[in-house]
Amino acid sequence: MSKLLRTSFSLEEPLLEQLELLVKKRGYQNRSEFIRDLIRDQLVESEWASDAEVVGTVTIIYDHHKRELSEKLTGLQHEHHQLVLAATHIHLSHHKCAEMIMLRGKAKDAMALADALRQQKGVLSAGLVMSSTGDQLK
Ligand code: NI
């Protein structure tokens, strides 16, 4: 583990009060831990704009009865087979399916695949969650 260094910064009083509330609400032991996580989140987000590798999941909800949709969604995953690690299908109800697709690759490619899945007629929702592979995080 790296050496811990102390630093200080200035905040307006109302913002500091809101920070204290957030730290408590999220269950952090102290401000430092909370701020460390905020910085890591920002580092992860900055990777998304670059060519850095990310891991992520696209969760799609779609209409089970929409003709040929299931084949189209599988076809898109085959087109991006270098990006797709695995997929899990869940039959949510008589009419709706959910599919969680795990990805590893460039953020821009993950976003492009999520967009392509979302644009299919009968897809009700497609949410992409990305994280870092951790190489940039200390
Ligand atoms: Ni299903």
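Numbering of ligands and ligand atoms starts at 1, following listing order. All residue numbers refer to positions in the sequence shown, counting from 1. What's counted below: heavy atoms across the whole structure, side chains too, no hydrogens, waters or symmetry copies.
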Self-check item: the Ni ion (ligand 1) - number of protein N/O/S atoms closer than 2.8 Å
Solution: 3
Quiz item: Donor-acceptor pair, Arg104 side chain versus Val55 backbone, under 3.5 Å?
Solution: no
Quiz item: With no hydrogens and no angle check, is any side-chain donor or acceptor of Gln120 less than 3.5 Å from a backbone partner on Ala116?
Solution: yes
Exercise. Report yes if the side chains of Leu117 and Ile101 come closer than 4.5 Å at any heavy-atom pair, otherwise no.
Key: yes
Exercise. Using the salt bridge (Lys or Arg N to Asp or Glu O under 4.0 Å) rule, take Glu53 and Lys106 through it: C-alpha gap first, then chi angles, then the decisive distance, then the call.
Key: CA-CA 5 Å; Glu53 192 179 50; Lys106 288 181 182 174; over 6 Å; no
Quiz item: Do His95 and His65 have ring centroids that are under 6.0 Å from one another?
Solution: yes
Practice problem: Could you tell me whether a side-chain N or O of His80 sits under 3.5 Å from a main-chain N or O of Leu76, the two making a donor and an acceptor? | Solution: yes
